[in-house]
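Working notes, beginning with the structure itself.
What you see below is based on every heavy atom in this structure, not just the backbone, and it leaves out hydrogens, waters and symmetry mates. Note that this is a predicted model, so its numbers are computed, not measured.
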Amino acid sequence: MSQRISENLENDNGKTNCRKCGHSLCASNENWKSAAILQQKPMNGAGGAPYQSSDHVLLRLFYCPGCKRQLGTETAVKEDPFLEDMLSDI
């Protein structure tokens, strides 16, 4: 039985999948971001004045390897690991 976790992700039989194409990213107890396509961009003013002179703050965008749908985003300082975002069955 599948369970919607977000607009773009679902858990189905212990797997985290893309809701658009069904691509299985990982087990539901793992961080799905490690299995996604990653694009990183410096915030460089996108967050307003505090970020105008800073390249070390990144916007990370995560995409499905199957259909290229954007699955999620996060902001991070360069070299920081991904935020833990494991989706377990509720």
Would you name the heavy atoms of [X] and [Y] that are closest together and state the gap between them?
{"X": "Ser24", "Y": "Lys15", "value": "OG-CD, 3.5 Å"}
{"X": "Cys26", "Y": "Glu30", "value": "CB-OE1, 3.2 Å"}
{"X": "Ala36", "Y": "Phe62", "value": "CB-CB, 4.0 Å"}

### Task
List in chain and number order the residues that pass salt bridge (charged side-chain N to carboxylate O under 4.0 Å, His left out) with Arg60, two or more places apart in sequence or in another chain; answer none if no residue qualifies.
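For Arg60 the salt bridge (charged side-chain N to carboxylate O under 4.0 Å, His left out) partners, ignoring immediate neighbours, are Glu74.
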
#### Entry: Leu38 with Leu25, same ILVMFWY side-chain cluster at under 4.5 Å
yes

### Hydrophobic cluster membership, Phe82 vs Trp32, 4.5 Å side-chain cutoff
yes

### Message
Between Arg19 (side chain only) and Glu7 (backbone N and O only), is there a donor and an acceptor less than 3.5 Å apart?
### Response
yes

### Query
Can Thr16 and Glu10 be said to form a side chain to side chain contact (heavy atoms under 4.5 Å, CB included), step by step?
CA-CA 6 Å; Thr16 300; Glu10 67 182 6; over 6 Å; no

### Message
Regarding Ser28 and Asn11, do their side chains bring together a donor and an acceptor under 3.5 Å, going by distance alone?
### Response
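The criterion, which ignores hydrogens and geometry beyond distance, is not satisfied for Asn11 and Ser28.
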
### Message
For Glu79, I'd like to know if atom CD has over 12 heavy atoms of other residues, nucleotides or ligands within 6.0 Å.
### Response
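It does not: Glu79 CD has 12 such atoms or fewer within range.
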
Let me have the donor-acceptor pairs involving side chains of residues 64-71, under 3.5 Å, with sequence neighbours excluded, atom names and distances please.
unit_1	atom_1	unit_2	atom_2	d
Lys68	NZ	Pro65	O	3.0
Arg69	NE	Asn8	OD1	2.9
Arg69	NH2	Asn8	OD1	3.3

#### Entry: Test side chain to side chain contact (heavy atoms under 4.5 Å, CB included) applied to Leu59 - qualifying residues, sequence neighbours left out
Met43, Leu61, Thr73, Thr75

